[in-house]
Amino acid sequence: MAGLSPNEAYSLLSSTIAPRPIAFVSTLGSNGVANLAPFSFFMVGGANPPSLMFSPSVNGIGGMKDSLRNVIDSGEFVVNTVHREMAHGMNATSAPFPPHESEWEASGFSQVPSVLVRPPRVAESLVQFECRLFQVVEHGDGPAAARYVIGEVVMAHLAEELWDPERRKARPAMLLARMGGAEYLDAATSDRFELQRPV
Ligand SMILES: Cc1cc2nc3c(=O)[nH]c(=O)nc-3n(C[C@H](O)[C@H](O)[C@H](O)COP(=O)(O)O)c2cc1C
């Protein structure tokens, strides 16, 4: 990757490591403000114990995104899934809200209390993972540097239609995934469409 600027490297990685499902992350600030933001740098890591990661990278002025600060301060977060009908509300929360303002109202989504952690869950999501912070791994400095948030899943909530009681297994969730740039893929229909980020 020598010779590529951070912007070029970002575009190359996010267009080629795709489609990526979206972690819709709910956190609580030390000021009591509930935060909600989407992250497609997101993956399961292992199952013993159940573990996942997402990366709220360093922002354009070299600072922490609110979600990362909240996770570090509180040690807790909830990963909610996103399906096609949630696309516009999810996208609305990706605008740069100041820390004292909550994205929940702009999203139109409803909160449900979590069981083991304090940040609320997104009622509309088909799957919600309550997580406790295991570790933040910092890789690099400056805008777009990775901040890997590794969480242990302490409780999972699943929509009834996703549970196969006979096989005691979850059915594939058919979620919305991010491709490169403004492009998305709906896994339920294989539809591809574009959504511009809010200013
Ligand atoms: C679909 C989608 C996926 C995104 N994925 C990421 C990501 O993986 N990492 C990241 O730092 N920002 C990502 N963003 C941008 C953040 O959502 C945005 O910076 C947001 O304002 C962060 O909110 P916060 O400051 O409240 O944490 C994504 C935005 C969208 C719309």
Side-chain angles (χ1 to χ4, degrees), residues 6-7 9-45 52-74 76-109 111 119-120 122 125 131 133 136-151 175-187 192-199:
N7 272 349
Y10 183 93
S11 162
L12 186 153
L13 289 167
S14 63
S15 296
T16 53
I17 303 179
R20 295 179 305 282
I22 298 162
F24 204 17
V25 177
S26 159
T27 56
L28 208 53
S30 51
N31 54 4
V33 175
N35 194 90
L36 190 59
F39 296 95
S40 69
F41 294 171
F42 163 53
M43 189 40 66
V44 59
L52 52 77
M53 62 72 50
F54 71 98
S55 175
S57 53
V58 172
N59 69 21
I61 53 167
M64 267 190 222
K65 296 202 173 178
D66 294 338
S67 303
L68 177 61
R69 186 178 312 102
N70 293 348
V71 168
I72 291 172
D73 289 349
S74 69
E76 298 178 335
F77 59 97
V78 179
V79 169
N80 305 274
T81 59
V82 178
H83 52 277
R84 175 68 180 91
E85 290 72 21
M86 296 175 68
H88 285 279
M90 173 280 296
N91 193 39
T93 67
S94 73
F97 286 74
H100 59 275
E101 267 180 42
S102 178
E103 293 85 356
W104 278 89
E105 214 168 297
S107 77
F109 297 126
Q111 300 185 358
V122 178
S125 294
C131 299
L133 175 64
V136 175
V137 177
E138 300 191 355
H139 188 188
D141 291 307
R147 295 291 179 262
Y148 295 96
V149 173
I150 304 169
L175 300 173
L176 183 67
R178 191 162 196 199
M179 309 295 284
E183 200 171 335
Y184 290 82
L185 169 76
D186 177 4
R192 284 167 77 158
F193 64 96
E194 287 199 356
L195 211 51
Q196 299 302 327
R197 290 278 300 279
V199 182

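Along the sequence shown, the residues carry numbers beginning at 1. In each ligand, atom 1 is the first atom listed, and ligand 1 is the first ligand listed.
- For the ring pair (Phe, Tyr, Trp, His ring centres under 6.0 Å) test, residues two or more places apart in sequence or in another chain that qualify with Phe39 are Phe54.
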Go ahead and list the nitrogen or oxygen contacts between ligand 1 and the protein that come in under 3.5 Å, distances to 0.1 Å, or just say none.
residue: ligand 1; atom: 5 (N); partner: Ser40; partner atom: N; Å: 2.8
residue: ligand 1; atom: 8 (O); partner: Ser40; partner atom: N; Å: 3.1
residue: ligand 1; atom: 8 (O); partner: Phe41; partner atom: N; Å: 2.8
residue: ligand 1; atom: 9 (N); partner: Ser55; partner atom: O; Å: 2.9
residue: ligand 1; atom: 11 (O); partner: Ser57; partner atom: N; Å: 2.8
residue: ligand 1; atom: 11 (O); partner: Ser57; partner atom: OG; Å: 3.0
residue: ligand 1; atom: 11 (O); partner: Lys65; partner atom: NZ; Å: 3.0
residue: ligand 1; atom: 12 (N); partner: Lys65; partner atom: NZ; Å: 3.1
residue: ligand 1; atom: 14 (N); partner: Pro38; partner atom: O; Å: 3.4
residue: ligand 1; atom: 17 (O); partner: Pro38; partner atom: O; Å: 2.8
residue: ligand 1; atom: 19 (O); partner: Lys65; partner atom: NZ; Å: 2.8
residue: ligand 1; atom: 21 (O); partner: Ser94; partner atom: O; Å: 3.2
residue: ligand 1; atom: 25 (O); partner: Asp66; partner atom: N; Å: 3.0
residue: ligand 1; atom: 26 (O); partner: Asn35; partner atom: OD1; Å: 3.1
residue: ligand 1; atom: 26 (O); partner: Asn35; partner atom: ND2; Å: 3.0
residue: ligand 1; atom: 26 (O); partner: Glu103; partner atom: OE2; Å: 3.3
residue: ligand 1; atom: 27 (O); partner: Asp66; partner atom: N; Å: 3.4
residue: ligand 1; atom: 27 (O); partner: Ser67; partner atom: N; Å: 2.8
residue: ligand 1; atom: 27 (O); partner: Ser67; partner atom: OG; Å: 2.5

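- The backbone N or O of Pro99 lies less than 3.5 Å from no partner atom in the side chain of Asn35, so there is not a single donor-acceptor pair.
- Not a single side chain to side chain donor-acceptor pair (under 3.5 Å) links Ser57 to another residue, sequence neighbours left out.
- When the side chain to side chain donor-acceptor pair (under 3.5 Å) test is applied to Thr27, the partners found at least two apart in sequence or on another chain are Asn70.
- Side-chain N or O atoms of Glu103 include one that pairs as donor or acceptor with a backbone N or O of Leu36 at under 3.5 Å.
- Environment of CE in Met179: crowded, with over 12 heavy atoms of neighbouring residues, nucleotides or ligands closer than 6.0 Å.
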